[in-house]
Protein chains: 2
Amino acid sequence: MKEKVKVRDRILNVATELFSRQGFNQTGINQIIAEADIAIGSLYNHFPSKNDLLLAYLQRKEDEWFEGYERSCKGTSSAKEKILKFVDFRIAQQKQSDFCGCPFTKIISEIGSQEAQIQQMVESHKSKQRVLLQGLFRELKDTGELDRKLLAENFFLMVEGATVNTTISRNMQALEHVRKFIKKLID
Amino acid sequence: MKEKVKVRDRILNVATELFSRQGFNQTGINQIIAEADIAIGSLYNHFPSKNDLLLAYLQRKEDEWFEGYERSCKGTSSAKEKILKFVDFRIAQQKQSDFCGCPFTKIISEIGSQEAQIQQMVESHKSKQRVLLQGLFRELKDTGELDRKLLAENFFLMVEGATVNTTISRNMQALEHVRKFIKKLID
DNA sequence: ACATAAAAATAGATATATCTATCTATTTTA
DNA sequence: TAAAATAGATAGATATATCTATTTTTATGT
């Protein structure tokens with residue numbers, strides 16, 4: 001009853017694992033084909049260049065991010081809960097990736113903004129998160145004297161900073177601090 | 001009256017520029033010696049390996065960071081001002097580096113936490129910033145119902161997230177949003 | 001100020017390894 | 001029988017690092 005994983009998926013699965021864990025620049029084609037146990041010709045059949053593989057990897061991460069967040073929000077109804085889930089989701093991501101951090105942030109550190117297509121995907125990914133959060137914060141009943149849009153932006157930035165810093169420290173404290181703080185602010 | 005820059009400094013200056021702009025992994029020894037206009041033997045005389053050069057680069061960044069912040073605080077007296085200067089300093093850094101982001105955060109994205117000595121330096125750098133901010137927030141007269149230590153931590157994380165995201169978007173908005181937000185919170 | 005010895009810097013070849021990518025020829029799968 | 005995947009050689013570029021031999025700089029003693 002074992003499902004045979006197609007070659008293209010084996011490549012992308014291994015590349016995903018390695019790009020996340022080791023980084024893009026420190027992952028060679030040879031390691032990918034070895035660990036995926038496929039021929040180098042097969043790789044270049046599916047992905048004409050290493051850069052195309054990177055694009056496919058990021059596209060998958062993009063899709064999985066929003067699917068994953070939606071799924072983790074199943075059962076929540078209030079905006080307040082969904083905001084807290086936003087932090088919880090990042091905590092879960094960091095746990096399951098062993099503190100790899102955000103793949104989009106990581107790739108910009110690795111290759112800069114030279115590759116226009118990648119720069120575009122990263123910016124778009126972050127932008128979509130901001131829009132999502134702005135929507136949630138707009139639903140909040142009372143935020144005291146705090147502008148909701150400004151609060152949404154800074155909550156996003158806290159989580160971003162906390163994600164980076166949990167990756168550095170390899171413990172979850174920073175993200176937990178954000179959770180505690182925002183809970184106070186919106187409760 | 002032209003000061004002759006010593007070989008070791010020429011190497012470190014060029015390496016600094018290239019590691020910041022292009023990244024560590026995307027900067028080769030050959031490019032460094034070419035742009036520094038020195039012989040390869042001289043480089044390996046001063047720095048036994050590329051990793052030693054990286055350590056020297058980070059150590060310099062560490063020293064310059066706190067010197068730079070101190071200098072930018074000259075003339076300010078209140079903790080409130082110094083907290084706002086903290087954001088201004090990061091804005092200035094991003095401007096003058098053309099949005100290179102934090103070198104410590106960047107190197108972790110590039111090489112991970114494998115190199116213990118580097119991991120150590122990065123963690124220590126962030127830790128020192130937290131301590132500095134905790135001290136400043138302790139001095140604040142009134143933060144309403146907000147715990148000062150928690151506020152300091154989350155301010156730090158906001159700035160971290162904003163730094164990363166100004167590097168991604170290549171504009172200063174995120175850092176300006178943090179400034180506006182914290183000003184409201186502590187004013 | 002000048003000669004000289006030690007240290008530093010140079011050019012440039014080279015070793016060794018790795019990287020991405022291409023190609024051919026053969027086998028497996030659909 | 002066509003398409004997909006394989007093994008494996010190889011091209012061509014680039015990486016870090018070492019080595020030799022020579023020149024330049026610096027420091028020291030007279």
Side-chain angles (χ1 to χ4, degrees), chain A residues 1-59 106-107 109-112 114-118, chain B residues 1-59 106-107 109-112 114-118:
Chain A
M1 188 62 191
K2 63 172 161 185
E3 298 256 332
K4 202 192 311 187
V5 180
K6 291 275 204 304
V7 167
R8 201 195 117 101
D9 286 330
R10 287 225 303 282
I11 297 169
L12 199 46
N13 289 346
V14 168
T16 295
E17 166 74 11
L18 295 177
F19 289 170
S20 296
R21 216 178 56 224
Q22 305 181 341
F24 175 74
N25 282 323
Q26 296 197 318
T27 299
I29 296 290
N30 289 330
Q31 189 184 7
I32 295 172
I33 63 169
E35 296 198 14
D37 197 29
I38 53 107
I40 189 167
S42 302
L43 189 149
Y44 281 98
N45 247 21
H46 289 286
F47 305 98
S49 74
K50 194 187 173 189
N51 209 60
D52 289 297
L53 187 50
L54 174 60
L55 286 168
Y57 155 75
L58 287 177
Q59 188 57 58
K106 190 179 169 77
I107 199 64
S109 287
E110 284 202 77
I111 67 170
Q114 310 256 19
E115 297 282 329
Q117 208 169 158
I118 284 163
Chain B
M1 186 67 190
K2 63 172 162 185
E3 298 258 331
K4 203 193 308 185
V5 180
K6 291 275 202 305
V7 167
R8 203 195 115 101
D9 286 330
R10 286 227 302 284
I11 298 169
L12 200 46
N13 290 346
V14 169
T16 295
E17 166 74 13
L18 295 177
F19 289 170
S20 296
R21 216 179 54 224
Q22 303 181 342
F24 175 73
N25 281 324
Q26 295 197 318
T27 299
I29 295 291
N30 289 332
Q31 190 184 6
I32 295 172
I33 63 168
E35 296 198 15
D37 197 29
I38 51 107
I40 189 167
S42 303
L43 189 149
Y44 282 99
N45 248 19
H46 289 286
F47 305 98
S49 74
K50 194 187 173 190
N51 208 60
D52 289 296
L53 186 49
L54 174 59
L55 286 169
Y57 156 76
L58 287 177
Q59 187 57 59
K106 191 179 168 76
I107 199 64
S109 288
E110 284 202 78
I111 66 170
Q114 309 256 21
E115 297 282 329
Q117 209 169 159
I118 284 164

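Only a predicted model underlies this, so the values are computations on that prediction, with no experimental measurement involved.
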Could you check how far [atom1] of [X] sits from [atom2] of [N], rounded to whole Å?
X: B:Arg10; N: C:dT10; atom1: CZ; atom2: C1'; value: 12 Å
X: A:Asn30; N: D:dA7; atom1: CG; atom2: C1'; value: 14 Å
X: B:Phe47; N: D:dT16; atom1: CZ; atom2: C1'; value: 16 Å
X: A:Asp37; N: D:dA5; atom1: CG; atom2: C1'; value: 12 Å
X: A:Ile11; N: D:dT6; atom1: CD1; atom2: P; value: 8 Å
X: A:His46; N: C:dA21; atom1: NE2; atom2: P; value: 16 Å
X: B:Lys6; N: C:dT10; atom1: NZ; atom2: P; value: 13 Å
X: A:Asn45; N: D:dT6; atom1: CG; atom2: P; value: 10 Å

Problem set entry | Candidates A:Ile11, A:Ile38, A:Leu53 - the one meeting side-chain contact (heavy atoms from CB on, under 4.5 Å) with A:His46 |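 Looking at A:Ile11, A:Ile38, A:Leu53, the match for A:His46 under the side-chain contact (heavy atoms from CB on, under 4.5 Å) is A:Ile11.
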
Side chain of [X] only, please: which of [options] is the nearest?
X: B:Val7; options: C:dA21, C:dT10, D:dA17; answer: C:dT10
X: A:Ile40; options: C:dA21, D:dT6, C:dT10; answer: C:dA21
X: B:Ile29; options: D:dT6, C:dT20, D:dT16; answer: D:dT16
X: A:Tyr44; options: D:dT6, C:dA21, C:dT10; answer: C:dA21

Exercise. Do the side chains of B:Leu18 and B:Arg21 get nearer than 4.5 Å, heavy atoms only?
Worked result: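 A side-chain contact exists here, since the closest heavy-atom pair is under 4.5 Å.
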
Exercise. Just wondering, do A:Phe19 and A:Leu58 contact through their side chains at under 4.5 Å, heavy atoms?
Worked result: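 No; the side chains remain at least 4.5 Å from each other.
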
Exercise. Does the side chain of A:Asp52 pick up a donor-acceptor pair with the side chain of A:Ser49 at under 3.5 Å?
Worked result: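 Yes.
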
Problem set entry | Residue-phosphate contact under 4.0 Å: B:Ser42 side-chain N/O, C:dT10 OP1/OP2 |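 Yes, such a contact exists.
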
For this session: Select from A:Gly41 and A:Thr27 the residue whose nearest nucleotide in DNA chain C is closer to the 5' end of that strand.
Result: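 The 5'-side residue here is A:Thr27.
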
Exercise. Which residue, A:Asn51 or B:Arg8, contacts DNA chain C at a nucleotide closer to its 5' end, judged by nearest heavy atom?
Worked result: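 Result of the comparison: B:Arg8.
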
Exercise. Looking across every strand, which nucleic acid part, if any, lies under 4.0 Å from B:Asn25 by heavy atom: base, sugar-phosphate, or nothing?
Worked result: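 Nothing, no heavy atom under 4.0 Å.
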
Exercise. Is atom CD of B:Gln31 surrounded by more than 12 heavy atoms (other residues, nucleotides or ligands) closer than 6.0 Å?
Worked result: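 Correct, the count exceeds 12.
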
